[in-house]
Amino acid sequence: MAATTSTSVVQSRALLRVSILLLSFVSVVSVRLPPHATIDIASTDRIQVHPLPAAQNPAGVVPQQIHLALTGDATQMAVTWVTKTATPAPAVSFEVASATDQQRQQVQSAATVVAAKTHTYTGGGWEGFIHTAVMTGLAPGRKQYTYKVGDTSTGTWTDSIVFKTAVPGSTNTDDTISHTSSTSNENKHEQEQEKEKDGGATVTFATWGDMGTNRGAPGNDHFVTSLADGNIPELDDLDFVLLQGDIAYDKGKQDVWDTFYQEVQPFASRLPLMTCPGNEDHALNFTGYLNRVFMPGQAPDAPHAPWWYSFNYGLVHVVSMATEQSHDGGVGYWNGTAQWKWLEADLKGVDRKAQPWVVVIGHRPLYCSSNDYYDCEMWGPKARKALEPLFCHYGVDLYLSGHVHSYERTFPVCGAQSKSHSYSNPTAPVHVMNGAGGAGLTSKWSTQPAWSAKRIIHYGVGYVQANATALDFRFLLTGQNGTVAVGDPVVIGDHFTIVKNHQAGHSNRIMEL
């Protein structure tokens with residue numbers, strides 16, 4: 001189906017709620033905790049600080065910067081947090097979320113406690129301790145659990161936080177999504193009904209790149225501005241978030257990572273935040289990124305994470321790759337490198353009956369047409385020689401990137417040749433560059449190439465819904481200062497739907513260059 005390229009204003013309350021949610025992701029309140037406090041992330045998603053006597057809570061052991069990540073196993077969820085001083089027995093306590101204590105006892109008699117693994121690093125003069133624990137034995141399929149992190153020795157815990165479990169790799173390819181670009185209230189209601197009808201098979205996620213932090217300096221980051229207290233709605237619509245690089249913009253100052261994870265905690269403590277490295281994460285040979293980020297496969301048998309990894313979530317196979325190269329040359333993406341070999345094996349092994357959609361995220365775009373000669377005229381064409389033989393050969397559907405601080409969507413394209421202006425049963429990947437996540441905007445475009453379908457210089461986030469036959473993408477705009485007020489209409493800057501008849505015999509091998 002061809003894309004709708006005009007800007008649409010939508011009054012749908014449901015979509016408005018999602019948009020404010022997405023914007024709250026990148027517009028949250030930075031919370032500076034007193035030395036003796038616990039954190040309350042209630043169902044209203046507000047953060048409240050509850051001071052405790054110093055004797056019960058020694059300075060520095062307060063959990064902060066709490067964030068979730070998928071592990072690749074739908075019965076698990078990883079949680080990471082930071083304390084500024086060592087804590088004797090860091091752990092996570094979790095249990096099934098129930099309306100009453102009686103119901104909770106019927107489902108699970110006691111909370112499960114899992115000890116965390118702790119590490120630290122001193123790069124850039126950082127001081128603190130990073131704790132990661134993996135909650136296991138969860139019932140998959142968007143079941144609600146509550147968890148709290150703290151210390152079993154001191155008895156210091158955060159208040160309970162609610163999250164949903166992951167959806168396992170699916171074999172359901174019978175559901176459908178409305179193949180229309182209409183943005184009416186009626187159509188949105190129909191999509192919501194379809195999601196309920198398909199038993200939850202529709203996968204929904206948000207995506208953006210190049211975020212940064214607010215750091216209390218108005219105008220320093222136009223997008224990551226604080227919303228008024230109470231403007232963060234419930235987080236029921238999304239399954240996870242993809243952030244494609246240039247995360248905190250630490251510039252070698254490791255405390256910037258503290259600020260970043262504290263600012264995103266209101267959503268990242270409830271939704272998995274999945275990332276890939278960007279060039280602005282490179283300081284001290286990616287020290288901050290490698291020490292702060294826990295991603296799938298980050299186990300002894302897969303030490304390459306968080307450089308590159310993949311996971312299945314329902315009907316979608318997500319691949320995260322590194323377009324950056326480590327200072328020691330150990331990470332690259334050229335033919336024959338460890339990552340390239342892994343990427344080929346990963347794409348080749350996707351079961352397209354179970355995961356009809358393959359989405360790849362990487363920081364740098366393979367296609368762009370901004371007034372940026374190096375990225376768009378040198379790096380992109382050079383990287384395409386290495387990666388497009390895999391993307392096109394194994395049928396990647398969507399490549400999401402950032403790096404250039406604007407938004408651009410391609411037609412289905414391989415070898416710099418647009419294969420069609422239609423998104424119905426395309427024979428090549430679609431590329432979406434969205435580096436409009438907060439760290440400034442580009443100012444100019446070059447001449448628009450034939451493969452370029454839509455270009456926007458404006459802050460915004462991507463909102464994606466995918467089921468067996470359609471992947472629907474909307475680029476939701478914000479105000480130029482990165483905020484949106486409750487009650488404001490949602491502005492859709494771009495909207496397209498990729499439609500594929502997988503039941504007709506979709507093949508991993510789409511085309512050759």
Side-chain angles (χ1 to χ4, degrees), residues 72 209 242 244-246 274-282 285-287 289-290 293 295-312 317-352 355 358-368 374-404 410 412-417 419 427-431 433 451 507-513:
L242 299 179
Q244 48 262 23
D246 281 9
M274 314 306 292
T275 65
C276 69
N279 62 294
E280 292 290 351
D281 306 313
H282 80 285
N285 200 17
F286 296 89
T287 290
Y289 183 81
L290 296 176
V293 173
M295 290 291 119
Q298 203 154 336
D301 60 341
H304 51 70
W307 283 110
W308 61 84
Y309 61 89
S310 67
F311 63 90
N312 292 326
H317 181 72
V318 178
V319 180
S320 174
M321 63 168 295
T323 60
E324 309 310 305
Q325 183 163 332
S326 60
H327 298 179
D328 58 10
V331 175
Y333 51 84
W334 301 107
N335 190 332
T337 61
Q339 181 177 206
W340 192 95
K341 292 178 180 178
W342 171 88
L343 180 60
E344 181 178 36
D346 183 86
L347 294 175
K348 185 178 182 179
V350 178
D351 180 357
R352 299 305 284 260
Q355 281 75 48
V358 174
V359 176
V360 179
I361 68 170
H363 178 59
R364 297 177 188 252
L366 302 189
Y367 290 91
C368 61
Y374 174 77
D375 289 312
C376 299
E377 300 297 331
M378 294 180 62
W379 191 93
K382 191 175 180 180
R384 292 200 296 262
K385 293 181 180 179
L387 297 174
E388 276 199 315
L390 299 181
F391 287 8
C392 299
H393 183 75
Y394 292 109
V396 169
D397 297 294
L398 182 65
Y399 177 69
L400 299 169
S401 65
H403 189 59
V404 178
T410 73
V413 60
C414 269
Q417 299 295 316
K419 302 305 177 183
T427 58
V430 176
H431 295 249
M433 177 191 75
W451 45 256
S507 171
N508 284 8
R509 185 186 301 268
I510 289 184
M511 64 170 294
E512 302 294 342
L513 288 173

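Residue numbers count from 1 along this sequence. Given the structure is predicted, the values throughout are model-derived calculations rather than measurements. Just the heavy atoms: all of them, side chains too, but no hydrogens, waters or symmetry mates, feed the values below.
- The backbone N or O of G278 lies less than 3.5 Å from no partner atom in the side chain of E324, so there is not a single donor-acceptor pair.
- With P365 as reference, V404 is the one residue of D375, L400, V404 to meet the side-chain contact (heavy atoms from CB on, under 4.5 Å) rule.
- Proximity of V293 to D281: side-chain heavy atoms (C-beta onward) are nowhere separated by under 4.5 Å.
- Looking at P306 and T275, their side chains never come closer than 4.5 Å, going by heavy atoms from C-beta outward.
- Between atom NE2 of residue H431 and atom CD of residue E388 there is a gap of 5.5 Å, rounded to the nearest 0.5 Å.
- Counting heavy atoms from C-beta on, the side chains of T427 and P412 never come closer than 4.5 Å.
- In this structure, the side chains of V318 and M274 stay at 4.5 Å or more apart for every pair of heavy atoms.
- Using a distance-only test at 3.5 Å, with no hydrogens or angles considered, no donor-acceptor pair links the side chain of T410 to the main chain of V413.
- Using modelled atom types and a 3.5 Å distance limit, the side chains of H403 and N279 yield a donor-acceptor pair.
- The closest side-chain heavy-atom distance from P429 to C414 is below 4.5 Å.
- Without hydrogens or angle criteria, H363 side chain to T323 main chain gives no donor-acceptor distance under 3.5 Å.
- A donor atom on one side chain and an acceptor atom on the other are found under 3.5 Å apart for H317 and D346.
- Shown here for N335 and A386, the closest heavy-atom pair between the two residues is N-CB, 4.4 Å.
- Heavy-atom minimum distance, G402 versus Q244: N-CG, 3.9 Å.
- Here F286 and W307 bring their ring centres to under 6.0 angstrom of each other.
- Among all heavy-atom pairs drawn from P381 and E377, the shortest one is CG-O, 3.5 Å.
- Looking at S320, its side chain never comes within 3.5 Å of a backbone N or O of Y309 through a donor-acceptor pair.
- Listed here is the closest heavy atom pair of L366 and A383: CD2-CB, 3.8 Å.
- Under a 4.0 Å N-O distance rule, the pair R352/D397 qualifies as a salt bridge.
- Checking Y367 against S401 by side-chain atom types alone, no donor-acceptor pair falls below 3.5 Å.
- Residues Q417 and W451 are not in side-chain contact: their nearest non-hydrogen atoms beyond the backbone lie 4.5 Å or more apart.
- In this structure, M295 CE and S310 OG are separated by 13.0 Å, a value rounded to the nearest 0.5 Å.
- At distances below 3.5 Å, at least one donor-acceptor pair connects side-chain atoms of Q339 with backbone N or O atoms of A322.
- Closest heavy-atom contact between Y399 and I361: CE1-C, 4.1 Å.
- Aromatic pair F391/W340: centroids not less than 6.0 angstrom apart.
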Next on the checklist: Before you tell me yes or no, could you show the steps for H282 and Y289 under side-chain contact (heavy atoms from CB on, under 4.5 Å), namely the whole-Å CA-CA distance, both residues' side-chain angles and the distance that decides it to 0.1 Å?
Outcome noted: CA-CA 8 Å; H282 80 285; Y289 183 81; over 6 Å; no
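- Using a 4.5 Å heavy-atom threshold, the side chains of L347 and V319 count as touching.
- Heavy-atom minimum distance, V358 versus V350: CG2-CG1, 4.0 Å.
- Here the CH2-CG distance, from W308 to L343, works out to 10.5 Å after rounding to the nearest 0.5 Å.
- How far CG of L390 is from CE of M321: 9.0 Å, rounded to the nearest 0.5 Å.
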